[in-house]
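First up is the structure itself, then whatever we jot down about it.
The basis for the numbers below is simple: all heavy atoms, side chains too, and nothing from hydrogens, waters or symmetry mates. No experiment lies behind these values; they were computed from the predicted model shown.
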Amino acid sequence: MRSSFFNSLNGDRKYNATHWAEYFSQFIGNGVYAEPSTSMQVQATKGMTVKVGAGACFINGYAGYGDGSDVLTLDLGTSVKRIDRIVIRLDYSLRSIYPAIIKGTAASSPVAPAIVRDGTYYDVCIAEITVGINAAEITQSDIKDVRGDNTVCGWVAGTIDQIDTTELFAQYEAQWELLRAACDQDADAVISAWAKLNAVKKVNGIEPVGGNILLALNNIPDGGGYYKSPYYIQAGTVNITGRSATVTFDKAYSEVPVVFTSYTTSTTSDANPIVTDRTETGFTVKKGTTAGYAGFDWVAFGKLGETTEEEYDMGSEITEHLQAAEIHVTAFEKNKWNGYTSRIDENKAEILSSKEDIADLQAEDIIIKSRLDNITKLPEGSTSGDAELADIRIGYDGTTYPNAGDAVRRQIADVRQDCLNGGYTATGAAYYTLNNAVDYPLLGLNLYGKSTQNGVPTPEAPVDIVSVGDGGSVEVKACGKNLFPWNDYTTAPISRNNLSADKVVINSNIITINIPQGVNSASGVFINRNHINKILFGQNGKVITLSCKVKSNYDVEIKFGLDSHRETFDSTTKGNRISVTFKYDISKSNSISWYVYNAANDTEIQISNVQIEIGDTATDYEPYKGTTANITTALPLCGIPVDSGGNYTDSNGQQWVADELVYNADGTGKFIKRTAKIDSYNGETVSGVYCSSTGGLDTGAAIIYQLDTPQESELTAAEIAVLRQLQTFDGVSNISNDSGADMSVKLCTNKALSEFVYPITTGLQKQIDELKAAVISLGGNV
């Protein structure tokens, strides 16, 4: 047996965080603190991201605090819905509390995944998010707030006594129905509502004790009034001299009634009544284990087995018996009840206020629907205020369109097409540097499959076939002149050489290096090969210029560049921009480095405005601008070289029968499969051209062959949404992919489209989307 907490004598009493957590968990329950009302509330932000609001929580004796900066990203939707959970996770191994996503399983009727409560994690769930079919964005209507559900979370409202929020929602609903039924003088509804209250094991928030619910006068809703049979109240008194007694009703009920009891007199200390064996004809009441005399009042409330026209004053009868019961409520129970009734009064006020808000929203919904009807089609000859909208239906050339939407869409389509006719298409390479782009999304992109082998295969020496997208995806990057994404290197990817952690500070776009006096070996920072190859994919064999600004408080000798090409700069470069030009070779180490030699004093070096660009000349610095699309390839994009009849010709004049990904300017796209693959050949029919890992149709060889008929499939909404992010930038734009796939790229070269038409169309689309969301949230249809 353990005990706590006592003063230590010579170290014989030591306690850790686990002991304290165990102690606190005994009187502070798990959940989220209720103040403020937005404490740890999950809110939709942008795309597939959600934000967890500021607040505090308590889990198994440990406290967690959020400052509102936690942002989580959910996976895109698929062809079937799913439900994800957002949880606050107590992680024993990390000794931390943090928000996390539990991804659900996609299904036609999805259910929320189980939360984790094992020896490693203990989760409290704060929200359930429905991820729709092919969803690329989470809206607030997709988020179900479950902070108040005690089965998965609950509120931390105080110490010792906690609010039982598991049944609180059911109580609110039952209380509202009871109040409404009483106001409507509807006997059937009153009985149904009363039964609901009994079903949740509480009456207006009062817990039953030993089967007995002690009621006060204000338990009876206003306007109780007179009700006709078959609803009936029977009451009486029963005395017990042993341990139990049986009560038989004067009139049998058609269903088991609700029974309330309270003791009136007692010669024993354990007289609390327990009602058992309730039936339509009676019940048994028991007291405790001590022998002695006890008297009990009882009230039964239910539906009779027979119907008469006799009327009963329900309100009077309930009041009479409750007055008798209330006499025996202890002072402690009265005080406790006063707290409950106060809370219920507040709940009723909130419910009535919510009802008024709903009425206002319904009225507003009618107005919005009316406005939508007007926008969709104006009534002929209208002279009211809505007739002013007729002007938007008249086009620039005098054409009158049937509705406002057609007028906007068709005219913008005309302007867009005129601009697109001035676009530029580049094709035949895996990388492009474009000098005539503007700030605008790509108008079109084609990826052509290609399968290659590193050597000539033979049956004795097979050679693997490598195809585009073998890794499951193709990453396409579009960026401005500067290829160096500085924001990706403000933390871990920049490594230190011969320097302690406190000697390198990275802030904004500046690296500050502090070199101790007398350092003779290379000291500085570098970015390793994997990251450089990620920056420069598609640039193998190209001439690259790397430049930056270097500032120093003392004369230093700096070696700067890539492992494959370094240059040394003396003190005369101090405060100037320096550069190095090299031919990028992906097979070499290729780490960008800034190393300092022979520091005579304690020297501080600042490196800023890092730029990597195509060509042999360092131009003026430009901040990195870029977009990236990771395009999922369920199957790789393959391509077979042919002498004729191919669907694509590369820059060397070689024709290919190539799989193809097509993305169009109108937001549509598709996969065209022209090849198929046999992982291990075993005599299958191969009618067209093929390539083989052994050079022939040998058993066990990997074969890629031409299909007789190409197969097409549409890109999903999620894939289209990813491709729409790709954008060129004013001046120089670079477009490349990480798989060596040849591309055909169409881009905008018309300033009007990017500076005038594009902002207008995106602005109108945003307003339409917001209007749709508002109407749907009010229960309307669009």
Query - Qualifying residues under side-chain hydrogen bond (donor to acceptor under 3.5 Å, both in side chains), relative to S644, sequence neighbours excluded - result: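 With sequence neighbours excluded, S644 shows a side-chain hydrogen bond (donor to acceptor under 3.5 Å, both in side chains) to no residue whatsoever.
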Query raised in the report: Residues in side-chain hydrogen bond (donor to acceptor under 3.5 Å, both in side chains) with E719, at least two apart?
Result: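 E719 satisfies side-chain hydrogen bond (donor to acceptor under 3.5 Å, both in side chains) with T716 once adjacent residues are dropped.
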Query raised in the report: Which value, rounded to the nearest 0.5 Å, describes the distance between L723 atom CG and L715 atom CG?
Result: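 That separation rounds to 6.5 Å.
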Query raised in the report: Between Y584 and K542, is any pair of side-chain heavy atoms under 4.5 Å apart?
Result: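 Side chain of Y584 against side chain of K542, heavy atoms only: no contact under 4.5 Å found.
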Report task. Answer yes when E128 and R85 have at least one side-chain N-carboxylate O distance shorter than 4.0 Å, and no when they do not. Result ->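 Yes, E128 and R85 are salt-bridged.
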Requested in this report: Could you tell me whether D84 and K103 have a side-chain N and a carboxylate O separated by less than 4.0 Å?
Outcome: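 Here D84 does not pair with K103 in a salt bridge, since their nearest N and O are not under 4.0 Å apart.
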Cut-off 3.5 Å, no hydrogens considered: what does the side-chain donor-acceptor table look like for residues 695-704, sequence neighbours left out?
residue : atom : partner : partner atom : Å
D698    : OD2  : T694    : OG1          : 2.7

**Report entry** Q727 to T627 - nearest heavy-atom pair and separation
**Finding:**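 Looking at all heavy atoms of both residues, the shortest contact is N-OG1, 3.1 Å.
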Report task. Take Y98 and D70 through the test side-chain hydrogen bond (donor to acceptor under 3.5 Å, both in side chains) and record every step on the way to the result. Result -> CA-CA 9 Å; Y98 53 83; D70 291 305; over 6 Å; no
Requested in this report: Determine the sole option in T668, L445, L447, N446 for which the side-chain contact (heavy atoms from CB on, under 4.5 Å) test with V662 is passed.
Outcome: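 Passing option: N446.
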Query raised in the report: Do R577 side-chain atoms and N609 backbone N/O form a donor-acceptor pair below 3.5 Å?
Result: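 Yes; at least one donor-acceptor contact below 3.5 Å.
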**Report entry** Pairs involving residues 467-477, ordered by first then second residue, that meet side-chain hydrogen bond (donor to acceptor under 3.5 Å, both in side chains) (sequence neighbours left out)
**Finding:**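 Residue pairs with at least one partner in residues 467-477: S451-S467, E475-K534.
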Query raised in the report: In chain order, what residues pass the salt bridge (charged side-chain N to carboxylate O under 4.0 Å, His left out) check against K81, with sequence neighbours excluded?
Result: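 Counting only residues at least two positions away or on another chain, K81 forms no salt bridge (charged side-chain N to carboxylate O under 4.0 Å, His left out).
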**Report entry** ring pair (Phe, Tyr, Trp, His ring centres under 6.0 Å) contacts in which one or both residues fall within residues 450-484, not counting sequence neighbours
**Finding:**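 For residues 450-484: F484-W486, F484-Y489.
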